[in-house]
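To start, the structure under review is shown below, and the notes come after it.
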Number of protein chains: 2
Amino acid sequence: MAKVDTSLVAHLPLFAGMTPEALDEILREARSARYPKNSAIFEQGADAQSFFLLLHGHVRAAKTTPTGEQIVVRYVAPGETFGLAMAIGAARYPATAIAVDDSVVLIWPTSAWPRLVERFPSLAANTLQTVGTRLQESHTRILEMSTQQVEQRVAHALLRLAKQSGKKLDRGIEIDFPISRQDIAQMTGTTLHTVSRILSGWESQGLVESGRQRIILRDPHGIVVLAERSAASGSA
Amino acid sequence: MAKVDTSLVAHLPLFAGMTPEALDEILREARSARYPKNSAIFEQGADAQSFFLLLHGHVRAAKTTPTGEQIVVRYVAPGETFGLAMAIGAARYPATAIAVDDSVVLIWPTSAWPRLVERFPSLAANTLQTVGTRLQESHTRILEMSTQQVEQRVAHALLRLAKQSGKKLDRGIEIDFPISRQDIAQMTGTTLHTVSRILSGWESQGLVESGRQRIILRDPHGIVVLAERSAASGSA
DNA sequence: CCGACAGTTTGCGATAGCGCAAAACGGGAC
DNA sequence: GTCCCGTTTTGCGCTATCGCAAACTGTCGG
């Protein structure tokens with residue numbers, strides 16, 4: 001098993017407050033793997049045999065209803081963990097994880113978790129922290145879905161993506177992984193048609209530049225304004 | 001400070017896997033308090049000075065937007081913790097907690113958390129578990145809001161409340177704390193008007209019996225059917 | 001260089017649910 | 001017993017957004 005370079009991950013919140021030796025010991029239990037673009041890392045409902053830390057690339061976590069509708073739970077950025085079903089006491093993955101770009105991950109067997117936590121209690125504390133943060137974000141999302149209209153929700157979603165995974169260009173901020181209208185719709189509780197209409201509108205106002213699975217915020221501030229107005233007039 | 005009877009709380013998931021001595025030591029750090037119906041336990045945005053365990057009563061956690069709209073994050077049932085801002089690394093409460101019935105809580109100072117976690121690591125593990133479960137529930141709620149219509153969402157919400165805090169009556173299952181149309185609207189992302197219309201409809205079909213801040217599910221199974229149909233005809 | 005296809009755009013009804021307004025109701029306080 | 005106030009009910013028009021359908025376009029494979 002290839003040795004993982006500790007220096008690459010030592011600064012991650014997950015490992016906060018750990019000695020190099022502890023970190024080393026934890027990493028020794030992991031293996032790494034590469035998932036090509038558009039491949040599934042795990043499927044909703046499957047046995048949660050592993051948990052993951054994303055090193056490179058981007059991963060989409062999506063939840064599917066019995067009737068086949070999907071929502072995007074979140075996009076995982078490098079340095080974040082995912083597939084932590086066991087931490088919450090679930091035997092099966094509650095969502096599907098797909099690599100949206102060629103991605104590299106560290107993989108631990110779920111079975112190692114109890115031992116690791118016992119040996120390194122701060123692992124549980126750190127994980128609690130991240131899960132708690134996600135819970136808050138979740139609540140914020142519910143609040144938005146309950147109180148804002150679609151255009152504002154899309155604006156917020158894009159701003160969050162830009163903050164999380166934005167690449168600074170001179171023309172604006174580009175979301176640096178492939179994302180479709182459909183994906184955005186599934187993040188905001190609407191349809192790809194509506195998202196398309198909204199982006200078209202923004203494009204003609206010079207707020208964004210968007211193409212096939214690619215979005216550049218040309219005027220982030222303008223979008224912030226859109227996101228924050230509570231209930232105003234329509235678009236041009 | 002009144003001594004808390006350990007036997008009352010020993011079985012709670014929060015304290016799973018703890019020795020009586022550990023439990024005792026943890027409880028020694030808590031004080032208890034009583035909040036009358038409709039009083040605030042803490043306000044959104046306030047310094048998170050304490051965290052809580054509900055012993056008796058019911059508490060509503062609600063989040064407010066800058067513009068004043070509210071959503072109900074959850075209803076806390078006896079035995080559950082709330083106000084765990086520190087566990088997720090937040091200095092301020094992200095929501096407001098209101099006692100919807102006369103309630104009794106245990107209160108720990110937030111400052112005690114790091115010490116307790118260090119001394120009793122399973123506290124972190126157990127909390128991680130509950131926070132993780134809440135995260136999942138949150139995702140389920142987002143999924144519902146994205147894919148279902150209002151009537152189904154209300155059906156699901158009531159079924160959940162009934163499961164969590166339902167009192168079995170011969171006429172059906174009563175949600176055993178005061179809850180208004182407005183509250184249900186804020187749980188499901190709709191308006192009190194729409195909730196009222198839906199409940200009126202159900203009442204005339206004999207599915208529920210509802211009054212002022214009081215709801216009885218007379219035909220839980222009928223409501224399950226409503227909740228599960230993916231997209232069908234209207235009501236009578 | 002060309003075809004095929006996935007992703008996108010756009011038009012055009014249809015409608016679920018909102019928002020406002022007003023009336024009805026029920027329970028408690030005195 | 002009566003008054004008052006918070007809650008609930010209901011009517012009615014409005015519109016944001018969906019849903020379907022069709023046309024369009026950029027990309028990739030060959």
Side-chain angles (χ1 to χ4, degrees), chain A residues 36-38 60 67-71 98 100 144-155 175 177-186 188-205 208-216 226 229-236, chain B residues 36-38 67-69 71 98 100 144-155 157 175 177-205 208-216 226 229-236:
Chain A
K37 183 170 171 171
N38 291 327
R60 179 182 62 230
T67 59
E69 288 121 320
Q70 277 202 344
I71 61 155
I98 308 268
V100 295
E144 280 180 12
M145 292 194 60
S146 299
T147 62
Q148 306 185 325
Q149 349 210 125
V150 174
E151 188 175 25
Q152 296 165 59
R153 302 206 302 265
V154 172
I175 291 165
F177 56 84
I179 184 167
S180 70
R181 307 291 184 265
Q182 174 80 70
D183 294 326
I184 296 172
Q186 290 176 346
T188 52
T190 181
T191 63
L192 80 164
H193 306 276
T194 299
V195 172
S196 178
R197 282 180 245 269
I198 289 171
L199 288 184
S200 296
W202 290 356
E203 186 130 29
S204 70
Q205 291 170 56
V208 303
E209 184 183 324
S210 80
R212 220 184 167 60
Q213 320 233 80
R214 191 174 128 275
I215 296 176
I216 300 174
L226 275 187
R229 79 158 163 222
S230 70
S233 53
S235 33
Chain B
K37 182 170 171 172
N38 292 326
T67 59
E69 288 120 320
I71 61 156
I98 308 269
V100 295
E144 280 179 13
M145 293 194 59
S146 299
T147 62
Q148 306 185 325
Q149 353 208 121
V150 173
E151 188 176 24
Q152 297 164 60
R153 303 205 301 266
V154 172
I175 292 165
F177 55 83
I179 184 166
S180 70
R181 307 292 182 264
Q182 174 81 67
D183 294 325
I184 296 172
Q186 290 175 345
M187 299 180 70
T188 52
T190 181
T191 64
L192 80 163
H193 306 276
T194 298
V195 171
S196 178
R197 282 181 245 269
I198 288 172
L199 289 184
S200 295
W202 291 355
E203 185 130 30
S204 70
Q205 291 170 57
V208 303
E209 184 183 325
S210 79
R212 223 184 165 62
Q213 320 233 75
R214 191 175 128 274
I215 296 177
I216 299 174
L226 274 186
R229 78 158 164 223
S230 70
S233 52
S235 32

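Convention: sequence-line order gives letters A, B, ...; per-chain numbering from 1. Nothing here was measured: the structure is a model prediction, and the numbers come from that model.
- The interatomic distance linking A/Lys37 (NZ) with C/dG7 (P) rounds to 10 Å, in whole Å.
- At whole-Å resolution of the value, CD in A/Gln152 and P in D/dT17 are 9 Å apart.
- Between A/Glu151 atom CD and D/dC18 atom C1' there is a gap of 16 Å when expressed in whole angstrom units.
- Between the base of C/dG27 and the side chain of B/Arg212 there is no donor-acceptor pair shorter than 3.5 Å.
- Closest approach of A/Arg153 and A/Met145 over heavy atoms only: CD-CA, 3.6 Å.
- OP1 or OP2 of C/dC18 sits under 4.0 Å from a side-chain N or O of B/Thr190.
- Considering only heavy atoms from C-beta on, A/Glu151 comes within 4.5 Å of A/Trp202 through its side chain.
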Next on the checklist: side chain to side chain contact (heavy atoms under 4.5 Å, CB included), that's the test. Do A/His193 and A/Arg181 meet it? Break it down for me.
Outcome noted: CA-CA 8 Å; A/His193 306 276; A/Arg181 307 291 184 265; over 6 Å; no
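- Considering only side-chain N and O atoms, B/Ser180 lies nowhere under 4.0 angstrom from the phosphate OP1 or OP2 of D/dT7.
- Minimum heavy-atom separation, B/Leu199 to B/Val208: O-CG2, 4.0 Å.
- Applying the salt bridge (charged side-chain N to carboxylate O under 4.0 Å, His left out) definition to pairs two or more places apart or across chains, none involves residues 188-200 of chain B.
- Side-chain nitrogen and oxygen atoms of B/Arg181 include at least one within less than 4.0 Å of the OP1 or OP2 phosphate oxygen of D/dT8.
- A/Ile179 has its CD1 atom 14 Å from the C1' atom of C/dG7, to the nearest Å.
- Across A/Ile175, A/Leu192, A/Ile215, a single residue satisfies side chain to side chain contact (heavy atoms under 4.5 Å, CB included) together with A/Ile184, and that is A/Ile215.
- Whole-Å rounding puts the B/Trp202 CH2 to D/dT8 P distance at 15 Å.
- When rounded to the nearest whole Å, the span between CD of B/Glu203 and C1' of C/dC25 equals 13 Å.
- Between C/dG17 and B/Gln149, a contact under 4.0 Å exists linking OP1 or OP2 to a side-chain N or O.
- At whole-Å resolution of the value, CD in B/Gln213 and C1' in D/dT8 are 10 Å apart.
- Helix-axis bend for the helix from C/dC1-D/dG30 to C/dC30-D/dG1: the local axis fitted to the five terminal pairs at one end deviates from that at the other end by 50°, rounded to 10°.
- Remark: of the listed residues A/Lys37, A/Arg60, A/Gln213, A/Arg60 is the sole one forming a side chain to side chain contact (heavy atoms under 4.5 Å, CB included) with A/Val100.
- The closest side-chain heavy-atom distance from B/Ser146 to A/Glu69 is not below 4.5 Å.
- Within the 4.5 Å cutoff, the side chain of A/Gln152 has no heavy atoms near those of the A/Glu144 side chain.
- The separation between B/Arg214 atom CZ and D/dT9 atom C1' is 17 Å, rounded to whole Å.
- For the contact set between residues 192-200 of chain B and DNA chain C, defined by any heavy atom under 4.0 Å, the members are B/His193, B/Thr194, B/Arg197.
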